[in-house]
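Atoms within a ligand are numbered from 1 in the order they appear, just like the ligands themselves. Along the sequence shown, residues carry numbers from 1.
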Amino acid sequence: MKAIVIHEYGCADVLQYEDVALPQIKPEQLLVKVHACSVNPIDWKIRQGMLKFLNLGNKFPMILGLDFAGEVVEVGTKVTRFAIGDQIYGAVRPPGGAYAEFAAVQENQAALKPKNMSYLEAATVPVAALTALQALRNQANIQPGQSVLVNGASGGVGIFAVQIAKAQGAQVTGVCSTKNLELVQSLGVDRTYDYTQQDFTQDNVEYDIIFDAVAKRSFSKCRKVLKPNGVYVTTLPTPENLLQGIWTNFLPGKKAKFVFESTNSQDLNYLTQLIETGKVRTVIARTYSLSELAAAHTYSESEHVPGKIAIAIAP
Ligand SMILES: NC(=O)c1ccc[n+]([C@@H]2O[C@H](COP(=O)([O-])OP(=O)(O)OC[C@H]3O[C@@H](n4cnc5c(N)ncnc54)[C@H](OP(=O)(O)O)[C@@H]3O)[C@@H](O)[C@H]2O)c1
């Protein structure tokens, strides 16, 4: 099969389009014919060697790529919930394996693909939307009527965060740049901030939840615009975030938290419901073919993608 392989850490040039053997599945795994995958910033962070210290299976050759959507072509002996021919989506564990024509996927990291999405659209959902869901629900305990600000509302995580927060009945403010105001408004937010013109941390509006999806504003900066029992959640675990997380956890009042996405079928099924009932949709900024993956990584590394980058594999 064709796959994108890396033999060393480095710039986007290390992504090589090669022939490799089909993956062998374990008893609890599915072999999936990957129709589409997508790019998440973690993919190029792993490629650059930035996450070596996490020991994500640092062995070369390595196939990256977490998000996938495709068709089940083989099931392991212990698989109970899927059958050959099922159309599924999900994410494989880091460092990945989805930048390929076939991938071995844990049964509990997949769900049936939303019926109203193409493979290409579905492949852009898992990691970004699960991060948004788990930040708002698990970390911030979002409730109807709360005021939620999403910083980086035009990014992969942000587009899902604003829609999930609206679906939970929150009043949602999205922070983005001038060129993305229309996009963020089209996702149903109640209010927008253009970060090139205004600084939400200097305003006198307070929020129950501030989700810094793009990890650009610290808890220290945001705390004065959090309500007395407000929660700040970030996607990046800097030493400062971790320390703030520890000390705010033991004190009454404003909390600093960190989300670490965990792919599971239950949350994917919940996202499927939100998508099939029209509450959540994806936004695809650009689509590339598998052999163009280096260009897709370079685009993601700009950190200015409006929405998601999709990779088309099978026709
Ligand atoms: N902890 C976890 O489990 C987890 C999971 C997923 C992602 N992440 C991390 O979360 C971060 C965001 O991921 P992502 O997929 O959303 O990234 P992304 O799609 O690459 O984010 C790009 C978006 O960020 C916006 N942006 C850039 N600078 C901004 C600023 N100063 N203020 C507000 N918006 C800004 C850009 O809009 P403009 O072009 O208008 O600036 C663009 O739309 C990454 O660091 C990623 O590694 C962590």
Side-chain angles (χ1 to χ4, degrees), residues 37-48 50-51 54 56 64-67 91-96 109 123-140 149-164 173-187 189 192-202 210-218 221-222 232-238 241-242 245 256-264 267 271 282-286 296-310:
C37 59
S38 85
V39 176
N40 288 290
I42 191 174
D43 301 343
W44 51 259
K45 291 178 184 177
I46 297 174
R47 191 206 74 219
Q48 291 176 354
M50 281 168 71
L51 304 180
L54 291 178
L56 300 169
L64 303 177
L66 309 185
D67 287 334
V92 293
R93 292 206 174 105
Q109 296 193 303
T124 64
V125 173
V127 169
L130 289 170
T131 305
L133 173 67
Q134 292 165 5
L136 293 168
R137 184 197 60 193
N138 304 9
Q139 300 301 327
L149 178 137
V150 177
N151 188 37
S154 58
V157 175
I159 56 162
F160 293 111
V162 293
Q163 297 178 88
I164 290 169
T173 300
V175 182
C176 61
S177 68
T178 319
K179 66 179 168 29
N180 291 322
L181 284 170
E182 211 172 302
L183 163 69
V184 170
Q185 280 155 1
S186 77
L187 299 173
V189 298
T192 47
Y193 267 98
D194 178 345
Y195 76 79
T196 68
Q197 307 292 322
Q198 301 161 285
D199 180 350
F200 70 89
T201 67
Q202 299 305 313
I210 295 179
F211 177 34
D212 190 10
V214 75
K216 297 283 185 195
R217 305 311 298 267
S218 63
K221 285 264 183 234
C222 293
Y232 162 92
V233 189
T234 180
T235 51
L236 212 63
T238 60
N241 301 146
L242 294 172
K257 300 207 175 187
F258 160 64
V259 62
F260 192 75
E261 185 270 333
S262 153
T263 305
N264 64 82
D267 285 353
L271 290 174
T282 189
V283 174
I284 296 180
R286 283 189 199 166
H297 265 218
T298 303
Y299 183 37
S300 177
E301 282 172 277
S302 74
E303 297 189 82
H304 289 293
V305 178
K308 295 287 305 172
I309 299 171

Note to self: If you apply the rule salt bridge (Lys or Arg N to Asp or Glu O under 4.0 Å), what do you find for E301 with K45, and how did you get there?
What the structure shows: CA-CA 9 Å; E301 282 172 277; K45 291 178 184 177; over 6 Å; no
Item checked: Nearest-contact summary for atom 37 (O) of ligand 1 - protein heavy atom, Å -> S154 OG, 3.2 Å
Next item on the list: Just jot down the ligand 1 atoms closer than 4.0 angstrom to any heavy atom of G152, in number order.
Entry: 33 (C), 34 (N)
Checklist line | V214 side chain near T235 side chain, heavy-atom distance below 4.5 Å | finding: no
Checklist line | N or O contact, V157 vs ligand 1, cut-off under 3.5 Å | finding: yes
Item checked: Closest non-hydrogen atom pair between T173 and Y193, with its separation -> CG2-CD1, 3.6 Å
Margin query: So for N40, does at least one of its heavy atoms come nearer than 4.0 angstrom to any atom of ligand 1?
Written below: no
Notebook entry, point to check: With a 4.0 Å cut-off on heavy atoms, is A213 touching ligand 1?
Noted result: yes
Check: Of the protein's non-hydrogen atoms, which lies at the shortest distance from atom 17 (O) of ligand 1, and what is that distance?
Finding: P41 CG, 3.5 Å
Next item on the list: Check each atom of ligand 1 against the heavy atoms of E261 and keep those under 4.0 Å away; list them by number with element.
Entry: 2 (C), 3 (O)
Notebook entry, point to check: Checking N138 side chain against A135 main chain: does a donor-acceptor pair fall under 3.5 Å?
Noted result: no
Notebook entry, point to check: If you measure from atom 19 (O) of ligand 1 to every heavy atom of P237, A135, G156, which option wins on shortest distance?
Noted result: G156
Checklist line | side chain to side chain contact (heavy atoms under 4.5 Å, CB included) evaluation trace for R217 with D199 | finding: CA-CA 10 Å; R217 305 311 298 267; D199 180 350; 3.2 Å; yes
Next item on the list: Give the residue and atom name of whichever protein heavy atom lies nearest to atom 10 (O) of ligand 1, and the separation in Å to one decimal.
Entry: T235 OG1, 3.1 Å
Margin query: Given S38, which partner from the list V125, D67, I284 fulfils the side chain to side chain contact (heavy atoms under 4.5 Å, CB included) test?
Written below: D67
Next item on the list: Report yes or no: does a heavy atom of K45 sit under 4.0 Å from some atom of ligand 1?
Entry: yes
Note to self: Looking only at protein heavy atoms, which one is nearest to atom 38 (P) of ligand 1, and what is the separation?
What the structure shows: H304 ND1, 3.3 Å
Check: Roughly how far apart are Q139 CD and L136 CG, rounded to 0.5 Å?
Finding: 10.0 Å
Item checked: Residue of the set V175, L181, N180 for which side chain to side chain contact (heavy atoms under 4.5 Å, CB included) holds with D194 -> L181
Next item on the list: Dump the intermediate steps for side chain to side chain contact (heavy atoms under 4.5 Å, CB included) on L271 and I164, then the final yes or no.
Entry: CA-CA 9 Å; L271 290 174; I164 290 169; 4.0 Å; yes
Margin query: Students should be able to answer this: which protein heavy-atom is nearest to atom 26 (N) of ligand 1, and at what distance?
Written below: V214 CG2, 3.9 Å
Notebook entry, point to check: Tell me: protein heavy atom nearest atom 23 (C) of ligand 1, and distance?
Noted result: G155 CA, 3.4 Å
Notebook entry, point to check: Which protein heavy atom lies closest to atom 42 (C) of ligand 1, and at what distance to 0.1 Å?
Noted result: V305 O, 3.2 Å
Check: For the side chain of D43 and the backbone of N40, is there at least one donor-acceptor N/O pair under 3.5 Å apart?
Finding: yes
Item checked: Proximal atoms of ligand 1 relative to V259 (non-hydrogen, under 4.0 Å) -> 1 (N), 2 (C), 3 (O)
Margin query: With rounding to the nearest 0.5 angstrom, report the CZ to OG1 distance, F211 to T234.
Written below: 7.5 Å
Notebook entry, point to check: Looking at atom 6 (C) of ligand 1, what's its closest protein heavy atom, distance included?
Noted result: T131 OG1, 3.4 Å
Checklist line | Under 4.0 Å to a heavy atom of K179 - the qualifying atoms of ligand 1, by number | finding: 38 (P), 39 (O), 40 (O)
Check: Can you tell me how far OH of Y195 sits from CZ of F200, rounded to the nearest 0.5 angstrom?
Finding: 12.5 Å
Item checked: Residue N180 vicinity, atoms of ligand 1 by number, heavy atom under 4.0 Å -> 37 (O), 38 (P), 39 (O), 40 (O)
Check: atom 33 (C) of ligand 1: which of Y299, Y195, F260 has the nearest heavy atom?
Finding: Y195
Next item on the list: Would you sort out whether R286 and Y299 count as a side chain to side chain contact (heavy atoms under 4.5 Å, CB included), showing the intermediate values?
Entry: CA-CA 9 Å; R286 283 189 199 166; Y299 183 37; 3.5 Å; yes
Notebook entry, point to check: So is K308 close enough to ligand 1, meaning a heavy atom under 4.0 angstrom away?
Noted result: no
Note to self: List ligand 1 atoms under 4.0 Å from E303, heavy atoms only on the residue side.
What the structure shows: 22 (C), 23 (C), 24 (O), 27 (C), 36 (C), 42 (C)
Next item on the list: Mind running side chain to side chain contact (heavy atoms under 4.5 Å, CB included) on H297 and Q48 for me, showing each step along the way?
Entry: CA-CA 11 Å; H297 265 218; Q48 291 176 354; over 6 Å; no
Next item on the list: Say whether S177, considering both its backbone and side-chain N or O atoms, lies within less than 3.5 Å of an N or O atom on ligand 1.
Entry: yes
Note to self: Could you tell me, atom by atom, which parts of ligand 1 come under 4.0 Å of a heavy atom of N151?
What the structure shows: 32 (N), 33 (C)
